[in-house]
Amino acid sequence: MPILNQGNLEASADVLRALAHPLRLKIIAFIDKNKIINVNKIYNTLKLEQSITSQHLRILRKADIVETKREGKFIYYSINYEKIKKVNNLVGTFLGE
């Protein structure tokens, strides 16, 4: 069971803030559906500007919600399910669930 402390709560709040945006949720859902996908496919399929997509992916990377793997000039994204699970457990503990 996760330990409730200020650091854990602040880290979880950062993740929740990163998730609390409709476009980022759309990007996460798309990555989840495809398991691993390159950035070009994300912005082309979702019809987003490359710069906007990169900004949102940077926020998701900083919050450790997505993981990256580079193959040549392509960057592939996948969901960090373990991080999401930890935050979910911590929030549940905080709420007394």
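When reading the values below, keep in mind they use all heavy atoms of this one structure, side chains included, and skip hydrogens, waters and symmetry mates.
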Distance col, row E67:CD vs R61:CZ, nearest 0.5 angstrom, shows 12.5 Å

Is a side-chain donor or acceptor of N34 paired with a backbone partner of I36 at a separation under 3.5 angstrom? no

First locate atom CG of L19, then atom CZ of R17, and finally report the distance between them rounded to the nearest 0.5 Å. 11.5 Å

Report yes if some heavy atom in the side chain of D64 is under 4.5 Å from a heavy atom in the side chain of V15; otherwise report no. no

Could you grab the distance from atom CD of Q55 to atom CG of L23, nearest 0.5 Å is fine? 10.0 Å

Under a 4.5 Å cut-off applied to non-hydrogen side-chain atoms, are L57 and I31 in contact? yes

Can you get from F74 to L46 by hopping between Ile, Leu, Val, Met, Phe, Trp and Tyr side chains that sit under 4.5 Å apart? no

Run the numbers on Y77 and N38 for side-chain contact (heavy atoms from CB on, under 4.5 Å), then give the verdict. CA-CA 6 Å; Y77 286 85; N38 84 42; over 6 Å; no

Can you check whether I37 reaches T45 side chain to side chain, under 4.5 Å on heavy atoms? no

Give a yes or no on whether K35 atom NZ has more than 12 heavy-atom contacts from other residues, nucleotides or ligands under 6.0 Å away. yes

Would you check if N80 and V66 make a side-chain contact, meaning some heavy-atom pair closer than 4.5 Å? no

Within 6.0 angstrom of K41 NZ, more than 12 heavy atoms from elsewhere: no

Checking R70 against Y76: is there a side-chain donor and acceptor pair closer than 3.5 Å? no

Test item: side-chain donor near acceptor, E49 and T53, under 3.5 Å: no

Spatial distance of atom OG (S78) from atom CG (D32) [nearest 0.5 Å]: 10.5 Å

Spacing of CG belonging to L60 relative to CD1 belonging to I28, to within rounding of 0.5 Å: 4.5 Å

Mind checking the OG-CD1 spacing from S54 to I59? Nearest 0.5 Å is all I need. 11.0 Å

Should the pair E71-K69 be classified as a salt bridge under the 4.0 Å nitrogen-to-oxygen rule? yes

